[in-house]
Visitor: 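Could you have a look at this structure, given as structure tokens, before my questions?
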Amino acid sequence: MTTQTKPIELYFTPTPNGKKISIMLEELGVPYNTTFINIGKGDQFKPEFLEISPNNKIPAIVDPEGPGGQPISIFESGAIMKYLALKFGKFYPADPREQVKVDEWLFWQVGGFGPMLGQNNHFSVYAPEKIPYAIKRYKDETHRLFRVLDTQLGKMFAAGKEYVAGDYSIADMAIIDWATSYLRYEIDPEISKNFLVWQERMLARPAVQRGRDLKAPTPASDLATDKDAQKVLFNQR
């Protein structure tokens with residue numbers, strides 16, 4: 001079994017994308033340190049962070065005990081999760097067919113579930129001009145994606161499985177913190193009962209609780225009203 005003697009450095013903001021990695025590190029039980037990136041103040045554009053994450057986004061990690069015993073930096077949450085799962089041999093199946101199932105739902109999250117919920121939130125809450133077409137487009141897509149998730153979970157439950165791709169995996173960790181805001185997106189609990197069973201199961205896991213509870217050293221400002229933070233985060237070329 002692979003062990004970790006030196007802490008992994010996690011570059012983190014307490015957003016759903018950041019919490020994917022704090023949840024996974026807690027589940028793995030490996031040592032890690034946290035460097036908080038204040039995205040509202042522009043920390044993500046500092047040269048030292050761009051060396052690690054050239055897309056100027058969190059999360060990112062530096063593993064001092066990477067391949068061949070040499071340090072490696074990794075950005076993009078899906079890439080980080082697969083790296084950690086493969087390194088430590090946990091939360092990712094050995095069977096190639098089962099790997100495909102986990103990859104499908106991991107990439108579903110990073111390519112659709114996260115970005116579409118993010119656009120929904122942006123146009124509904126932060127956009128200075130409320131554009132009805134954009135709001136409806138992303139709200140509809142959010143509802144469609146929750147329906148897809150609920151349907152998949154129903155299939156798994158019927159097959160005697162408890163998680164998105166069968167056994168507990170990085171796919172579940174990637175989805176959970178995005179999914180907990182379902183009421184904000186007006187998802188009807190009455191037609192999302194499979195999802196609610198899964199969510200309760202996920203939130204009962206101590207490592208998920210610890211990963212989600214990781215906070216920034218200072219509270220974030222209200223992005224809906226913080227115009228300086230909006231200038232940093234929105235409409236950058």
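Keep in mind that the numbers below use all heavy atoms, side chains included, and drop hydrogens, waters and symmetry copies.
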Visitor: The criterion is salt bridge (Lys or Arg N to Asp or Glu O under 4.0 Å); which residues satisfy it with R210, sequence neighbours excluded?
Guide: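 For R210, the residues satisfying salt bridge (Lys or Arg N to Asp or Glu O under 4.0 Å) (neighbours in sequence not counted) are E26.
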Visitor: List the atom of Q4, the atom of I8, and the distance in Å for their closest heavy-atom pair.
Guide: NE2-CG1, 3.6 Å
Visitor: Looking at residues at least two apart in the chain, or sitting in another chain, which of them share a side-chain contact (heavy atoms from CB on, under 4.5 Å) with K6?
Guide: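 Listed in chain order: P64, E65.
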Visitor: Are I37 and L10 in one and the same hydrophobic cluster, where Ile, Leu, Val, Met, Phe, Trp and Tyr link if side-chain heavy atoms are under 4.5 Å apart?
Guide: no
Visitor: Between I58 and M24, is there a shared hydrophobic cluster once you connect ILVMFWY residues whose side-chain heavy atoms come closer than 4.5 Å?
Guide: no
Visitor: Does K57 offer a backbone N or O that forms a donor-acceptor pair with the side chain of N55 under 3.5 Å?
Guide: no
Visitor: Rounded to the nearest 0.5 Å, what's the gap from CD on Q109 to CD1 on I176? Could you check?
Guide: 11.0 Å
Visitor: Which atoms form the tightest heavy-atom contact between S77 and I21, and what is the distance?
Guide: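 That closest heavy-atom pairing would be O-CD1, 3.9 Å.
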Visitor: Would T180 and R212 count as a side chain to side chain donor-acceptor pair (under 3.5 Å) here? Give the steps.
Guide: CA-CA 11 Å; T180 53; R212 296 187 71 234; 3.2 Å; yes
Visitor: Are any of the side-chain nitrogens in D150 or R147 under 4.0 Å away from the carboxylate oxygens of its partner?
Guide: no
Visitor: Taking the side chain as every heavy atom from C-beta outward, state whether L117 and F146 have any atom pair closer than 4.5 Å.
Guide: yes
Visitor: Start with the C-alpha gap between V232 and I39, add the side-chain angles, then the distance that decides, and say whether side chain to side chain contact (heavy atoms under 4.5 Å, CB included) holds.
Guide: CA-CA 8 Å; V232 172; I39 59 176; over 6 Å; no
Visitor: Salt-bridged, K101 to E104, with N to O below 4.0 Å?
Guide: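 Looking at K101 and E104, the cut-off is not met.
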Visitor: Could you point out which residue of W108, F195, Y182 forms a ring pair (Phe, Tyr, Trp, His ring centres under 6.0 Å) with F113?
Guide: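 That would be W108.
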Visitor: Between S22 and L214, what is the shortest heavy-atom contact and its length?
Guide: CB-CD2, 3.8 Å
Visitor: With a sphere of 6.0 Å drawn around CD of E200, does it hold more than 12 non-hydrogen atoms of other residues, nucleotides or ligands?
Guide: no
Visitor: A side-chain contact here means heavy atoms from C-beta on lying under 4.5 Å apart; do V148 and W105 qualify?
Guide: yes
Visitor: Taking only residues two or more places apart in sequence, or in another chain, which ones meet P71 in a side-chain contact (heavy atoms from CB on, under 4.5 Å)?
Guide: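 For P71, no residue satisfies side-chain contact (heavy atoms from CB on, under 4.5 Å) once neighbours in sequence are set aside.
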Visitor: Any chain of hydrophobic side-chain contacts (each under 4.5 Å) joining Y133 to V125?
Guide: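 Shared cluster, no.
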Visitor: So I52 and E9, side chain to side chain contact (heavy atoms under 4.5 Å, CB included) or not? Walk me through it.
Guide: CA-CA 11 Å; I52 299 165; E9 194 70 35; over 6 Å; no
Visitor: Check this for me: R205, atom CZ, are more than 12 non-hydrogen atoms of other residues, nucleotides or ligands nearer than 6.0 Å?
Guide: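 Above 12, so yes.
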Visitor: Can you tell me how far NZ of K46 sits from CD of E51, rounded to the nearest 0.5 angstrom?
Guide: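 Rounded to the nearest 0.5 Å, the CD-NZ separation comes out at 15.0 Å.
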Visitor: Looking only at non-hydrogen atoms, find the nearest pair between N17 and P59 and report the distance.
Guide: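 Result for this residue pair: O-CG, 3.6 Å.
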Visitor: Are I170 and K82 side-chain neighbours, meaning at least one heavy-atom pair lies under 4.5 Å?
Guide: yes
Visitor: Look at the side chain of T13 and the backbone N and O of T15, then say whether any donor-acceptor pair between them is shorter than 3.5 Å.
Guide: no
Visitor: May I ask you to check whether Y92 and D103 show a side-chain donor-acceptor distance below 3.5 Å?
Guide: yes
Visitor: Just checking, any donor-acceptor pair under 3.5 angstrom between side chains of Q44 and S53?
Guide: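 On atom types as modelled, these side chains do not qualify, holding no pair under 3.5 Å.
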Visitor: Can you check whether F88's main-chain N or O pairs, donor with acceptor, with T2's side chain at less than 3.5 Å?
Guide: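 Checking the backbone N and O of F88 against the side chain of T2, no donor-acceptor pair under 3.5 Å is found.
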Visitor: What I'd like to find out is whether the side chain of Y138 reaches to under 4.5 Å of the side chain of N121, using heavy atoms alone.
Guide: no
Visitor: Just jot down the side-chain contact (heavy atoms from CB on, under 4.5 Å) partners of F157, sequence neighbours excluded, or say none.
Guide: L153, N194, V197, W198, R201
Visitor: Donor-acceptor check, side chain of N56 to backbone of F45, threshold 3.5 angstrom: yes or no?
Guide: no
Visitor: Kindly give the heavy-atom pair with the smallest separation between G118 and W178, and that separation in Å.
Guide: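 Looking at all heavy atoms of both residues, the closest pair is N-CZ3, 4.1 Å.
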Visitor: Are D167 and V102 packed together at the side-chain level, in the sense that at least one heavy-atom pair is separated by less than 4.5 angstrom?
Guide: no
Visitor: Measure the CD1-CZ distance between I80 and F75 for me, rounded to the nearest 0.5 Å.
Guide: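 So the CD1 of I80 and the CZ of F75 are separated by 9.5 Å.
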Visitor: Considering residues at least two apart in sequence or located in another chain, which fulfil the side-chain contact (heavy atoms from CB on, under 4.5 Å) criterion with P217?
Guide: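 Per chain and number, P217 pairs via side-chain contact (heavy atoms from CB on, under 4.5 Å) with F36.
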Visitor: Identify the two heavy atoms, one from K20 and one from V110, that lie closest to each other, and give their separation to 0.1 Å.
Guide: NZ-CG1, 3.8 Å
Visitor: Test R184 against N120 for side chain to side chain contact (heavy atoms under 4.5 Å, CB included), laying out the working first.
Guide: CA-CA 10 Å; R184 176 194 302 172; N120 183 343; over 6 Å; no
Visitor: With a 4.5 Å cut-off on side-chain heavy-atom distances among I, L, V, M, F, W and Y, is there a chain of contacts connecting L203 to I23?
Guide: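 Hydrophobic grouping puts L203 with I23.
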Visitor: Which value, rounded to the nearest 0.5 Å, describes the distance between D140 atom CG and M116 atom CE?
Guide: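 CE of M116 is found 13.0 Å from CG of D140.
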Visitor: Just say parallel, tilted or perpendicular for the rings of Y168 and F91, cut-offs at 30° and 60°.
Guide: perpendicular
Visitor: Could you walk me through whether I61 and Y83 pass the side chain to side chain contact (heavy atoms under 4.5 Å, CB included) check?
Guide: CA-CA 10 Å; I61 68 167; Y83 169 80; 4.2 Å; yes
Visitor: Do E27 and K90 pass the salt bridge (charged side-chain N to carboxylate O under 4.0 Å, His left out) test, and can you show the C-alpha distance, the side-chain angles, and the key distance before you say yes or no?
Guide: CA-CA 9 Å; E27 288 281 15; K90 292 184 177 181; over 6 Å; no
Visitor: In terms of hydrophobic clustering (I, L, V, M, F, W, Y; side-chain heavy atoms under 4.5 Å; direct or indirect links), are I135 and Y126 co-clustered?
Guide: no
Visitor: Going by heavy atoms in the side chains, are Y163 and S169 under 4.5 Å from each other?
Guide: no
Visitor: How about NZ on K130, more than 12 heavy atoms from neighbouring residues, nucleotides or ligands closer than 6.0 Å, or not?
Guide: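 For K130, atom NZ is crowded (more than 12 foreign heavy atoms under 6.0 Å).
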Visitor: With E186, which residues qualify under salt bridge (Lys or Arg N to Asp or Glu O under 4.0 Å), at least two apart?
Guide: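 E186: salt bridge (Lys or Arg N to Asp or Glu O under 4.0 Å) contacts with K139.
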Visitor: Hey, is the main chain of D188 close enough, under 3.5 Å, to the side chain of H143 for a donor-acceptor pair?
Guide: no
Visitor: Looking only at atom types and distance, does a side-chain atom of D43 sit under 3.5 Å from a main-chain N or O of N38, one as donor and one as acceptor?
Guide: yes
